[in-house]
Amino acid sequence: MESIKDKVAIVGMGCSKFGELWDKGSDDIIIEAAYEAYEDAGIGPEEIQAAWVGTINGMGGVTLSEPLKLNRIPVTRVENFCATGHEALRNACFGVACGMYDIVLALGVEKLKDAGVGGLPVGRGFHPVMESRRTGPGTFAFIATRYFHTYGLTPEEGKRTIGKISVKSHHNGNLCPKAHLHREVTLEQVVNAPLIAWPLGLFDCCGVTDGAACAILVRAEDARKFREDPIYIKGIGLSTNQILPHFEPNFDWIGFPMNREAARQAYEQAGIKNPRKEISLAEVHDCFSITELINYEDLGFSPQGRAKEDIDAGSFTLEGELPIQPDGGLKSFGHPIGASGLRMTYECYKQLQGKAQLPERQLKNVKLGLSHTLGGPPQVACVLIVGNSLG
Amino acid sequence: MVGIKSYGAYIPYYRLERSEIAKAWGGFAMNPGEKAVANHDEDSITMAVEAAFDCLKGMDGKGMDGLFFASTTSPYREKQCSSLIATVMEMGKEIRTADFADCLRAGTTAIRGAIDAIRAGPAKSIVVVAADCRLGYPYSQTEQSLGDGAAALLLGDSNVIATIEDCCSISDEITDVWRTDEDTFVREWEDRWVIMHGYSKNVGEAVAAIMQRNGLEAKDFAKAVVYGPDPRSHGGLMRRLGFEPAQVQDTLFTGVGNTGTSSALIMLVATLEEAKGGDRILLASYGDGADAFILTVTEEIEKVRERRGVKGYLASKAPLPSYGKYLVARRLVQLPPGAAIIGRGSATVMWRTRDWVLGCHASKCRRCGLVTYPIQRVCYGCQSKDDYDEISLSQKKGKVFTFSLDNLAAAGINPPIVQTVVDFEEGARLYCMMTDCDPQQVKVDMPVEMTFRRLHEFGDFHNYFWKCRPIREG
C-alpha cells in the first residue's frame, strides 16, 4: 500500500457564501464555488477532465454537470454522510494520482434551507421502524450524557465545558466574511439556550446552512504550472464502522474508533508522530459542541478524558497552541453537509497560502492543516492532511 | 376438566382524573376517580401483548395451541390481530388464531370458543386476550366513564386454577350502544332504556338461567364478577340479583374506567388474584345479549401468583397532567408536524425482518458468543457467517447505558422523545425510545424493560416495534 503523500496538489479552490440562502438554489451556489475555483487555478471549465460531486440530496452526476455545463466529461456523485465533501475530494485525488486524468474537480454542495422547518429530518429510512425517530442532536447527546457520566462531570459542569467550545467557534466565525453566523455569544447564553436534545442546547448545535465549496486538483509534479503556492495532499484516512454504534456491544460512547482509525491512516501517510505539535491548524467535525470535544481526544490533540483541561486553558483558540476551527467550524461557518469537508479544506488551503480572507485572521507559521469529518449516526470518519511544501 | 390455567392483565401507565375532563369542559364529574388512558403509542394490539405476556409469565409461547383476541377497537378492520399478537408471543405457526370483534361481549364469547375447542379435542391450551380503548365523545359522560386496558386468560384442560363448570349465553338484538363502520366515538340510545332493557334485562336473564339450572343461589358464590357500564347500574343489578356487597367484584370503574370488551376479564383477574381454592365464582358479561359462567377455584391457584396482574398495574401509574395531554395520548388532536420524518413503510421489509421486529430477536454467535441486536448474519465480533442462535430480548430486563431528551424528534407527538441505548445482561445492546416515563427522572444505569408499541403508519398500515420503559413494579 502506497501513501498518497505529495502525489496530488490542489491548485484552485472556491467557497460560496454560507448561510440561509433563501434566494439561491443548489445550482447558484455550485456556480459560485466552481467559478471562484476556476479563477483561483487560472483555468476555464473546458480544462476539467473529470469531476466528483458530493451531496446527500442530489441525484447522480447531473447535480454538477447541468449547472456547470461540463462538456459531457465523467461526473460522479459520491455520498458518505457528513464525510461526503471529503469523499468527493478523496475520489478526485485518486483520479489524478493514478494518471487517468490530469485536471479534475471536486465539489461539495448542500441546499438545506428549502425544507420548511429548522433542523434536519428525523429518522433515516433504512428500515421502517429501527431508527424511525433518530435525530442528529438526539444521538450526539448520547455522547455528552456518557462523557459527563464517565468523567464525573455534573450536567452543569459538562454543559459549561462544551459551551466554551461554542463560544470560541462563534468568535472565530464572526471574523469570517463567508461564515453563516456572525454573532459573538457568551457562555451564559450558551448554557441557558433552549434545549434541542438534553443535554445539548441550541448553541451546542451547528448551523443548518446552504453552501458549496470546490477544489481543482492536479498531480503534484504539474502543480507549479498553475500557481506558485499549490497545496499538497499529505494524507487521507477514511474509516467506516461495521454496526450502527447504537447497537454496538460494549461501545463506550465517549469517542469513536473510526475517528481514531481515520486519523491513524492519515498520520501514517503524512509521517506525523505528534499531531498536537506538528499540525498547524485543524478544522474538525463540530456538528455539536460535544463532538468537537471528543474529536480533540480521538485525533490525539488532547489525552483521553482530558480535553476539558485544554478547553479551560484555551489551547485551541486562534491565539492558542493549536487553533481549531479558525473559520468558526460547522458551528458558526455552517454545515451544508456535502460541502463541509471541502469548506474545511478551503480554510486550510487559504491559511497555508497565507491568504486567509481578512489579514487579521491569518495564522502565523503554518505548515500542515488537518480537516476532519464524522458522518452518519455516526459511522464514517475522514481525516485529510494538507501542507504547503513538498517533503 | 376445562378451566383457566393462568391469568394476566394490563392497565396503561397514565390515568386521567375525571375532574380534569370536567374542568376542561366546565362541567362536573359524574363519578369520582380516574380513568386509565392508553398512551399515544398504544392500541388494543399492544395492550393485548402486555396482558398475554403477563399471563404466560414463566411459560413458553410455543406450548400453546392458539390465541383468540377480542376487542371492539381492533386497529384493523381487515387483517387479523391475533396472528400478530401470537407472533410477538413466539407461539409458532401451528396454532389457531381468531379475532372476536364488534361486541362488548366478545371477550367472554372468545372464552366460550376456547372452551369448545378444548372440549372438542383439537386444542389443549388457548390464550384468550381482550383489549379495548374506546373513545367517548368529547364532553360526553361516556368520555368520563370509558377507560383502557386488557386482560388475558390461558384456558386448558389440566392443572387448572379454576374449573369452568357451566356457561350460558343469551343473544339479543338491540341497538343500545354502538359504533357504525364510520364512527370514532361510542353512540348510545337513551340511557334509561339501555340499562333497563339492555344491560339489566340480559345479564339478569343469563345469570338467573345459569343459577337455576345448577341449583344455585346468590349466597352460594364467593364472588360475582359481573360487567357494569357504570357504578350505579352495576350496583342496582347486583342488588336485584341478591348479592351482598362483600360478594361483588368491583368494576374498577373508579381507578380504570369501563374497559369494554376486556372489562369482565379484568374484573375476573382481580378476583382470581384474591381467590382461594374452593371459591365459586360467577362471571357475566354484556353486549347484544349476555354470557354467564360458573367457575370453581382450585388449589392450583397458589402456583400462579407471580403476575403483575390488575393489582400490580393498578398501583403503577402516573397522572396525565391535563386534558390536553389526554387528547394527545388518544390521538384526538394533531400537534405541529415539525421536522419531516424520513420513513418508508414496507410490508415486505417488516415481514422478512419479523423475527427481530416482532420477536425482538438478537443473534448470539455460536463461535465467539457475542450477542447483537438486530440479528447480524456476519458476526460483529468474529465475522463468522450465518452461525448463530436467536435469543429474544422482549421479556429481558436491561439498563440505560446512555440517553438524551430529544425535542427535535417529537414531531406530532409529545416532546421530548427519550432516546435510549439499553444494555442487556445477555450482552446485547439495543437503541430505542423510552415510553411511559418522566423524562426528568431518566438516569444512566436505570433499569428498564421492553414494551411493544405502535410507532407510525408509514405504508398506510400500523408499524409496531419495541420501546423500553422504567420497570413497572406495582
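So you know, we letter chains A, B, ... as the sequences are listed, proteins then strands, and number each from 1. These values consider heavy atoms only, across backbone and side chains, with no hydrogens, waters or symmetry-generated copies.
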So, do [X] and [Y] sit near enough that their side-chain heavy atoms are less than 4.5 Å apart?
X        : Y        : result
A:Leu195 : B:Leu405 : no
B:Ile341 : A:Ser132 : no
A:Phe142 : B:Phe401 : no

Will you find, in the side chains of B:Thr353 and A:His127, an N or O donor that is under 3.5 Å from an N or O acceptor?
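Yes, side-chain donor-acceptor contact under 3.5 Å.
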Pick whichever of B:Pro415, B:Pro374, B:Cys432, B:Gly345 has the most heavy-atom pairs under 4.5 Å with chain A.
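The residue among B:Pro415, B:Pro374, B:Cys432, B:Gly345 with the greatest pair count is B:Pro374.
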Can you tell me how far the [atom1] atom of [X] sits from the [atom2] atom of [Y], to the nearest 0.5 Å?
X        : Y        : atom1 : atom2 : result
B:Gln376 : A:Gln242 : CD    : CD    : 10.0 Å
B:Thr402 : A:Tyr147 : OG1   : OH    : 14.0 Å
A:Met130 : B:Tyr373 : CE    : OH    : 8.0 Å

At a heavy-atom distance under 4.5 Å, which candidate from A:Leu200, A:Thr139, A:Ile196 has the highest pair count against chain B?
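Maximum pair count with chain B is reached by A:Ile196.
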Heavy atoms only, distances under 4.5 angstrom: which of A:Ala141, A:Gly123, A:Gly138 has the most pairs with chain B? Name it, please.
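Of the options given, most contacts go to A:Gly138.
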Below 4.5 Å from any heavy atom of chain B, which atoms of A:Leu120 appear? Answer side chain, backbone, both or neither.
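The backbone, not the side chain.
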At a heavy-atom separation under 4.5 Å, does A:Phe140 approach chain B through its side chain, its backbone, both, or neither?
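Answer is neither: A:Phe140 stays 4.5 Å or more from chain B.
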Got a donor-acceptor contact below 3.5 angstrom from the [X] side chain to the [Y] backbone?
X        : Y        : answer
A:Arg133 : B:Asp406 : no
A:His149 : B:Lys443 : no
A:Thr145 : B:Ser404 : no

Show the nearest heavy-atom pair for residues A:Val129 and B:Met350, with the distance to one decimal.
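What the structure gives for the nearest pair is CG1-CE, 3.6 Å.
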Can you check side-chain contact (heavy atoms from CB on, under 4.5 Å) on B:Tyr380 and A:Phe247, steps first, answer last?
CA-CA 11 Å; B:Tyr380 169 73; A:Phe247 296 92; over 6 Å; no
